[in-house]
Every structure is written in C-alpha cells, then in structure tokens.
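Below is one structure, written out as structure tokens; the observations come after it.
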Amino acid sequence: MAEPAVRVMDAKVALSTASVYPESTATAFEIAARLGYDGVEVMVWTDPVSQDIDALRRLSDHHRIPVLAVHAPCLLITQRVWSSDPWTKLQRARRAAERLGAGTVVVHPPFRWQRQYARDFVEGVWRMADETDVRFAVENMYPWRYRDREMLAYAPGWDVTQDDYRHFTIDLSHTATARSDALGMLDRMGDRLGHVHLADGNGSNKDEHLVPGRGVQPCAEVLERLALTGFDGYVVIEVNTRRAMSGAEREADLAEALAFARQHLGSAVQVSRG
C-alpha cells in the first residue's frame, strides 16, 4: 500500500469577509464560526470595523475564529482607506497582520496610473517582505474589457508570474476573467504560491466570484494538486453572495463552498493512500 504523500491538514480553509457583502465584517466572523471555517481573511475596505484592529481582535476572540490573512485596501473603492499613499496602506496591512496573528497580506499589483508606485512595486514588496515573517502574496488580476476593447489596467502587469515576487496569490475568478490557464499559472507560481482565493467563473468580462463548481475553472483540480504537493498556505473562499435572497441562502452558498474545498483537498488523500 502506498504511503500518504500529502499533508492536507496544513491547508486551512478561511472565509473572506468580502464573501458576505453587503453584510458586515462582523457578520462574516459569525458565519465563519457557525459553519466551521478555520479562520477568516479580512478584506480591509469601507466597513469601519474592517479598518479597526482592536475591533477585529474582539470579534476574533468572541467567535474563537482566527484572522489568517489581511487583504490590503487595493480596490478602486478603497483608494483612500488607511491613506491615499499605497505604501502606507501596505505598512498598515502588515502591522494589522502582525497584531492579529495573521500569516499573509494579500496585495494587488498597482493600477497603471499609479506610476511611481508601479515603478518601485516589485523591489518595494521584496523590501517589505524582508522586514517581517508575514507573507506578502501578490495576486493575479486580469485585463479590463468593454465589448471588444481591452485595457491593461495593472502595472507591471495583471499576470504576476511575469515578475519576481516572493509569494503569490492565485485567484480562480481572476483567471476566468483573464481567460488564462489556471493550471498553467499554478505551475508557473510553483513553490512561491502562498495563498489561494477559491472561486469560479465562466470567462465573462465581469469578475464573477461564483461558488466553486458553478463555473468552468478547474477548482477541483487545483485543490487536489495543492493537497498532493503539501500546500501549507490558506485556501480562502472569496465568492459573491450579493444576489442571495436571504441570510439562509447566503449561508447555504458559503457552506457549499466550504464543503467543496474540503472534499477536493481530502480526495487527494484518498487517492494517495491507494
């Protein structure tokens, strides 16, 4: 009988607080605890609680659910959250992660119009990573499209594997929107893959963030490959539940996503044991 070749329990499954929008950050902690997630990733955005380290710590302690990652405020709607200076945002995200005991800061590549930030970004992320044990995991993005037009909105580029970063985040909704090969990107990231945003998509112009299994991305194959390679980072459910008609429907979607992740992380264990 073959020896087990995986360390599947090392890969924890967390809930992004963005997955409960338009509900609050506090609601995300409550749902994550109730459904049995291993932790949360805090999306720092316009919700004041998401910006307040002491409030996040109280939520974590109350629900006994750890903060495993902090997503820096890199979105268009968060351009002034924590500062208008992008480096200050990353410094504050790092301090938040350190104080909350989170292992990862997720960061997007700069927008192309952030010229000085973009010019120094690769070197600057390396420099910041050298100052802490927290991983700075740079996330793959996608071209912006409108009808037959395509705009390259990120610099140095949306395909982060074309640049030299210590750690990557792979987002499977973003690979769908980019119409790129998710498994090929996973191969290029190799052992520098530090973080996963698990969602699905159908390749539309919109960043869909579907529940895994409801689109065309190889979500199951990605999870099984992670398990077989002993991935020890975090798998974060980052899905869009804005169309949920009730809290119960939202929780059902998030329970389905969690079950999908654990099923396919665990199925590789069964195969390896023969």
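In this structure, Thr27 contributes its side chain and Glu23 its backbone to no donor-acceptor pair below 3.5 Å. Formation of a donor-acceptor pair under 3.5 Å by the Lys89 side chain with backbone atoms of Gln79 is found in this model. Distance alone, capped at 3.5 Å, places no donor-acceptor pair between the His167 side chain and the Arg135 backbone. Distance alone, capped at 3.5 Å, is enough to place a donor-acceptor pair between the Glu249 side chain and the Met245 backbone.
Ser84 pairs by the side chain to side chain contact (heavy atoms under 4.5 Å, CB included) definition with Arg80, not counting sequence neighbours. Judged as a side chain to side chain contact (heavy atoms under 4.5 Å, CB included), and not counting sequence neighbours, the contacts of Val122 are Trp126, Pro156, Asp163, Tyr165. For Asp164, the salt bridge (charged side-chain N to carboxylate O under 4.0 Å, His left out) partners are Arg192, not counting sequence neighbours. Partners of Phe260 by ring-ring contact (aromatic ring centres under 6.0 Å, His included), not counting sequence neighbours, listed by chain and number: His264. Tyr117 pairs by the ring-ring contact (aromatic ring centres under 6.0 Å, His included) definition with Trp87, Phe121, not counting sequence neighbours. Listed by chain and residue number, Thr161, Gln162, Met185, Arg188 satisfy the side chain to side chain contact (heavy atoms under 4.5 Å, CB included) test with Asp159 (two or more places apart in sequence, or in another chain). By the salt bridge (charged side-chain N to carboxylate O under 4.0 Å, His left out) test, Asp85 is found to be paired with no residue, residues two or more places apart in sequence or in another chain being considered. Partners of Pro143 according to the side chain to side chain contact (heavy atoms under 4.5 Å, CB included) rule, which considers only residues two or more places apart in sequence or in another chain, are Arg145, Glu150, Leu152, Trp158, Ala178. Scanning for salt bridge (charged side-chain N to carboxylate O under 4.0 Å, His left out) contacts around Glu123 gives an empty result, with sequence neighbours left out.
Residues Arg225 and Asp187 are paired through a salt bridge, judged by an N-O separation under 4.0 Å between the basic side chain and the carboxylate.
Under the 4.5 Å side-chain criterion, counting only non-hydrogen atoms from C-beta, Asp200 is not in contact with Val211. Annotation: side chain of Leu198 is not in contact with side chain of Val236 (no heavy-atom distance under 4.5 Å). Under the 4.5 Å side-chain criterion, counting only non-hydrogen atoms from C-beta, Val160 is in contact with Pro109. Looking at heavy atoms from C-beta onward, Ser16 lies out of side-chain contact with Val42 at the 4.5 angstrom threshold.
For residues 43-71, the ring-ring contact (aromatic ring centres under 6.0 Å, His included) pairs, not counting sequence neighbours, are Tyr21-Trp45, His71-His108, His71-His197. A salt bridge (charged side-chain N to carboxylate O under 4.0 Å, His left out) check over residues 28-56, counting only residues at least two apart or in different chains, returns the pairs Glu30-Arg34, Arg34-Glu251, Asp38-Arg262, Asp54-Arg99. Note on residues 201-218: pairs passing salt bridge (charged side-chain N to carboxylate O under 4.0 Å, His left out), not counting sequence neighbours, are Arg214-Asp253, Arg214-Glu256.
In terms of hydrophobic clustering, with Ile, Leu, Val, Met, Phe, Trp and Tyr side chains grouped at heavy-atom distances under 4.5 Å, Leu223 and Ile237 are assigned to a common cluster.
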